[in-house]
Amino acid sequence: MNAIFGIGAGAGLASALLFAVITTGNPLAILLYFVAPLPVILAAMGWRHRAGLIAAVCGAVFVALLFSVKTGAAYALSVALPAWWFAYLTLLARDENGVVEWYPIGRLLMWMALLSAALTTAVSISIGRGDYESFVRAFEQILDVLRRLGTEVDSLPGEGAQSNADMARLMAAIAPPVSAAVGVASSALLVWIAARVTRASGRLPRPWPYLPAAATLPNVALLVFGAACVLGVALHGFAGLGARSLAASLLMAYCLQGLAVIHVLTVGLAGRVGVLSGVYFALVMIPGWPALIYALLGVADALLGLRAKRLAKNPPPPPAPPASI
């Protein structure tokens, strides 16, 4: 127990320090901030969920001591506890007549989308103090600061120059959904990295599945995605913003399912490595359109089962065996 507490406390301290570097203003700090959940996930995956929960609590305490209780609570709710929860679900299992059934990867992706949208909406409401117009004015202040610093801010397309308020309103409508989508992608990437590391160290207790076959969102996700798209257009204020954030986060989840489809369909293809490299390069370097195309492929797979025939002909490799500890 003492060893678990020590590992959890050390992971919490590492996570808190990664979270704290965002205050330096260094461009590298943004990357380190995104990696802040990783120590918590590693502790939970390698030493079970109790170590991860200790890491989350200790990290929150460290951040509160470094900054304030409010900042510590924000860290716990937005970074540490979601990281612990994702690791907990990854290792969740049930015994069905002697057969161990592990928590499906697709449902884990669904959780990532829901939490990312919820957290993004909560942060937006906090920035605006419950008033959407105040939230928009926060972007006006950001634009004013950028102009004073001499940063070029392009005007919106249309007839004549658009006002500062119009640009701020557009940014307020777009920034949270984009942030929600990025949150899903970063969460999925960190869980994958943690699983690879713990598996390489021999501490991953579950057999690791073939992700291109396992990354399948549950059927209800498609209904939620459709409803979120409709409500995002029909509703205004924070309600519409929350719906659009949910639609964007599920769009990213379907983008990841689309990438899984590409992995399956290109098996045995000459030059497969080059094709996959180009697919990921486009996703990272070209914002917007590649992610949308891959998401549409993921939706098509949900409706038509694009991977089923190929997986029937070329069954996926058996899951990597769990650790023996």
Side-chain angles (χ1 to χ4, degrees), residues 22 30 33-34 74 77-78 82 109-110 112-149 151-188 221-256 258 282-296 298-299:
I22 195 68
I30 299 176
Y33 171 79
F34 276 108
L77 293 174
S78 64
L109 274 178
M110 181 78 172
M112 291 176 179
L114 294 174
L115 278 181
S116 183
L119 289 171
T120 300
T121 305
V123 170
S124 301
I125 294 173
S126 176
I127 292 173
R129 298 181 183 274
D131 179 57
Y132 188 76
E133 293 304 319
S134 298
F135 176 65
V136 173
R137 285 195 292 274
F139 283 92
E140 291 185 41
Q141 295 172 3
I142 293 173
L143 291 173
D144 288 338
V145 170
L146 291 176
R147 287 194 172 95
R148 284 198 297 270
L149 293 174
T151 303
E152 182 181 353
V153 180
D154 296 332
S155 62
L156 295 173
E159 296 181 2
Q162 299 295 321
S163 67
N164 199 51
D166 291 333
M167 175 70 85
R169 192 166 295 278
L170 179 64
M171 291 178 65
I174 293 177
V178 170
S179 176
V182 171
V184 174
S186 63
S187 296
L222 199 56
L223 297 176
V224 175
F225 176 61
C229 290
V230 172
L231 293 175
V233 175
L235 300 178
H236 302 284
F238 286 121
L241 183 67
R244 290 192 297 274
S245 296
L246 178 57
S249 62
L250 285 171
L251 187 76
M252 178 55 70
Y254 275 112
C255 172
L256 297 177
L283 178 64
V284 174
M285 300 303 296
I286 305 174
W289 288 110
L292 179 59
I293 293 171
Y294 303 156
L296 291 175
V299 171

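Quick caveat, the model's predicted, so the values are computed rather than measured. The figures that follow rest on heavy atoms only: side chains count, while hydrogens, waters and symmetry mates do not.
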Practice problem: Keeping to residues at least two apart or across chains, list the salt bridge (Lys or Arg N to Asp or Glu O under 4.0 Å) pairs with something in residues 168-185. | Solution: Glu133-Arg169
Quiz item: What is the minimum heavy-atom distance between Leu251 and Phe225, and which atoms define it?
Solution: CD1-CZ, 3.8 Å
Exercise. Look at atom OH of Tyr132 and say whether more than 12 heavy atoms of other residues, nucleotides or ligands are closer to it than 6.0 Å.
Key: yes
Self-check item: Close side-chain approach of Leu170 to Phe139, heavy-atom, < 4.5 Å
Solution: no
Quiz item: At what distance, to the nearest 0.5 angstrom, does OG1 of Thr120 lie from CG of Leu115?
Solution: 10.0 Å
Tabulate below the donor-acceptor pairs under 3.5 Å that side-chain atoms of residues 228-250 make, not counting sequence neighbours, or state none.
residue, atom, partner, partner atom, Å
Arg244, NH1, Gly232, O, 3.1
Ser245, OG, Leu241, O, 2.9
Ser249, OG, Ala113, O, 3.0
Ser249, OG, Ser245, O, 3.2
Ser249, OG, Leu246, O, 2.8

Practice problem: Identify, with sequence neighbours excluded, every residue that meets side-chain hydrogen bond (donor to acceptor under 3.5 Å, both in side chains) alongside Ser134. | Solution: Asp131, Arg137
Quiz item: Looking at Ala172 and Pro176, what are the two nearest heavy atoms and their distance?
Solution: O-CD, 3.1 Å
Quiz prompt | Leu77 to Leu119 - nearest heavy-atom pair and separation | solution = O-CD2, 3.5 Å
Quiz prompt | Donor-acceptor contact below 3.5 Å, side chain Ser186 vs main chain Val182 | solution = yes
Quiz item: Any side-chain heavy-atom pair from Leu283 and Cys255 closer than 4.5 angstrom?
Solution: yes
Quiz item: Should we say atom CZ of Phe135 is surrounded by more than 12 heavy atoms from elsewhere, each under 6.0 Å from it?
Solution: yes
